[in-house]
Amino acid sequence: MENFIAHNPTKVHFGKDIVGQLGEVAVQLGKKALLVYGRGSVLRNGSYQDTKDQLDKAGIEVVEFSGIKPNPVIEDVDGAAGIGIEHKVDMVVAVGGGSVIDSAKIIAICITEQCSGWDVMKGLRDPKSVVPILAVLTLAATGSEMNAVAVVQNNKTMEKFGYRHPVMFPSHSFMDPAYTCSVPADHTGYGIADLIAHVLENYFGQGDASLSDRFAASIILEAMEYGPRLMNDLNNYDLRARIMWAATTALNGLLSCGRANGEFTSHALGHQLSLLYDTTHGASLSIAFPAWMKHMKPKIVHRLEKLGQDLFGDTSAERTIERLESFFRQVQCPIRLGDIGITPDKKDEIVSLMNKNNVNGKNPDNLLNDLDREQIVDLMFAE
Ligand code: NZQ
Ligand code: ZN
């Protein structure tokens, strides 16, 4: 086992009508809030109104920034931070999925440090504290509600990557599975693929951590049991709750204990697809992860065999990849670039961007070179 520090200060409030506790929490944190949300889903599923009612009842003045995009962009972070600075807000309240919560994390730093969002993303700031971040989660996928990571893209420099800083843990996250009942089938499936990808990124990380392996298998088995049932029963609160919690635990630090580094190459590969084609994050992973596992098989064969044993009672590395791939299909996710309409003539631009951004993961045992990236992209196109 590798050395590790376990630290997670986010207070999670989970369950039906749990946003009813937000006002009494927020009132302890200040008098003015910047409320951040996306392009309208929160207005339709009730989460915006419930949050606003809580803030109003607590006597908290609210200023708003809406329109955060899926695959959020740095301009919106700067725009929202400008409003927060102008109004001297005491907290940022994010209502939405990972894109909104990630943006809120960088916005909170920009408000405190009065700096640009991209400076933060580039690691040019090291804040000691930030205005508190409250999250009201409406989509089960990223784990952003209980971690200190934000992923934002810059369309000018053509970069998308994650930035981590301990001040970015949300102080409180409110997770009412009922809000996720309105997530359509496609995004429900992408969220399930994303949570499984987070478990796998940890599983293929650097170091031997047997307890983390057991937690990892449990989370994937939970998603494999309840994910397909949810796809056929989108309004089922109980299934939504199980998937919501599985997604949170997949990336809240539990699985990285005992490992020096996670893997995260498939995430970096997928981010290039999001930059080029605005591919939804989970869909980029259901394409990138199988290709990465196939290409890396000689190096990671023992891990694939163990994963197969833990998940399917079968140690074949090939069949493990096949089964994961067919699970992604079962939850209606694409597994090849052709499935999302990207044709082989795009190969050069994809490989070029991957090479320009030196796409790699964090596990030094599995680093990629230019040829590896080209071969992985070939596998993303394979019949
Ligand atoms: O814009 P709105 O109207 O809010 O619609 C959103 C968006 O179109 C919609 N949606 C959200 N909740 C809904 C809903 N639609 C109906 N009912 C609801 N209850 O869903 C669409 C996708 O939302 P988004 O927030 O983009 O999805 P997700 O939560 O998957 O977040 C993806 C982003 O998170 C990053 C990804 O790279 C991507 O940019 N990640 C963040 C991580 C982290 N912080 O740890 C790790 C992840 O690996 C990931 O990289
Ligand atoms: Zn992810």
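Numbering of ligands and ligand atoms starts at 1, following listing order.
Within the structure, the closest approach of G282 to ligand 1 does not fall below 4.0 Å when heavy atoms are considered. Heavy-atom distances between K69 and ligand 1 stay at or above 4.0 Å for every pair. Residue contacts with ligand 1: G40 is included, with a non-hydrogen atom under 4.0 Å away. For N45, the closest heavy-atom approach to ligand 1 falls below 4.0 Å. Contact analysis leaves R44 out of contact with ligand 1, as no non-hydrogen atom separation drops below 4.0 angstrom. No heavy atom of Q153 sits closer than 4.0 Å to any atom of ligand 1.
Ring planes of H13 and F174: parallel class, angle under 30° (limits at 30 and 60°). The aromatic rings of F289 and F204 sit tilted, their planes meeting at an angle between 30° and 60°.
Within 6.0 Å of CG on N3 lie no more than 12 heavy atoms contributed by other residues, nucleotides or ligands. The neighbour count for K31 NZ, taken as heavy atoms of other residues, nucleotides or ligands under 6.0 Å away, does not exceed 12. Counting non-hydrogen atoms of neighbouring residues, nucleotides and ligands closer than 6.0 angstrom, the NZ atom of K362 reaches no more than 12 such neighbours. The environment of NZ in K11 is sparse: at most 12 heavy-atom neighbours from other residues, nucleotides or ligands sit within 6.0 Å.
Of all the atoms in ligand 1, the ones that sit under 4.0 Å from a non-hydrogen atom of S182 are 16 (C), 17 (N), 18 (C), 19 (N). Proximity to N147 (heavy-atom distance under 4.0 Å) selects the following atoms of ligand 1: 43 (C), 44 (N), 45 (O). Atoms of ligand 1 lying under 4.0 Å from at least one heavy atom of S144, given by number and element, are 44 (N). Of all atoms in ligand 1, numbered sequentially from 1 with element shown, those under 4.0 Å from a heavy atom of R39 are 1 (O), 2 (P), 3 (O), 4 (O). Of all the atoms in ligand 1, the ones that sit under 4.0 Å from a non-hydrogen atom of P70 are 7 (C), 8 (O), 26 (O). For ligand 1, the atoms sitting less than 4.0 Å from at least one non-hydrogen atom of H271 are 37 (O), 50 (O), numbered in the order shown with element in parentheses. Less than 4.0 angstrom separates some heavy atom of L251 from each of these atoms of ligand 1: 45 (O), 46 (C). Within the listing of ligand 1, atoms 39 (O) sit less than 4.0 angstrom from a heavy atom of P72.
Judged by distance alone, the side chains of Q54 and D50 never bring a donor and an acceptor atom under 3.5 Å apart. Side chains of R240 and T188: a donor-acceptor N/O pair is present below 3.5 angstrom, by distance only. Using modelled atom types, one finds a donor on one side chain and an acceptor on the other under 3.5 Å when comparing T248 with E145. Between the side chains of K160 and N71, at least one donor N or O sits under 3.5 Å from an acceptor N or O. Checking H198 against N202 by side-chain atom types alone, no donor-acceptor pair falls below 3.5 Å.
Ranked by closest heavy atom to atom 9 (C) of ligand 1, the top entry among A141, S41, S284 is S41. One option in L195, T142, V183, T138 has a heavy atom closer to atom 42 (C) of ligand 1 than any other, and that option is T142. When H281, M146, M168, K160 are checked for heavy-atom proximity to atom 39 (O) of ligand 1, K160 turns out nearest.
Listed for the N147 side chain is a donor-acceptor partner under 3.5 Å among the backbone atoms of G143. Judged by distance alone, with hydrogens and angles left aside, the side-chain atoms of Q272 form a donor-acceptor pair with the main-chain N or O of A268 at under 3.5 Å.
Residue L367 is not grouped with residue M354 when hydrophobic side chains (ILVMFWY) are merged at heavy-atom distances under 4.5 angstrom, including chains of intermediate members.
At a heavy-atom cutoff of 4.0 Å, ligand 1 is contacted by no atom of Y190, backbone or side chain. In D102, the part holding a heavy atom less than 4.0 Å from any atom of ligand 1 is the side chain.
With respect to atom 23 (O) of ligand 1, the closest heavy atom belonging to the protein is L139 CD1, 3.7 Å. Among all protein heavy atoms, the one lying closest to atom 32 (C) of ligand 1 is S99 OG, 3.7 Å. For atom 21 (C) of ligand 1, the closest non-hydrogen atom on the protein side is H187 CE1, 3.7 Å.
Here the closest non-hydrogen pair linking L137 and G97 is CD1-CA, 4.4 Å.
At least one N or O atom of G98 sits closer than 3.5 Å to an N or O atom of ligand 1. Checked against a 3.5 angstrom limit, the closest N/O atoms of K105 and ligand 1 fall outside it. Below 3.5 Å of separation, one finds an N or O of V149 facing an N or O of ligand 1.
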Candidate pair D176 and K16, rule salt bridge (charged side-chain N to carboxylate O under 4.0 Å, His left out), full reasoning
CA-CA 5 Å; D176 184 341; K16 200 166 260 176; over 6 Å; no
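Within D194, the N, O or S atom at minimum distance from the Zn ion (ligand 2) carries the name OD1.
Here the Zn ion (ligand 2) is the vertex; the NE2 atom in H281 and the NE2 atom in H267 give an angle of 100° (to 10°).
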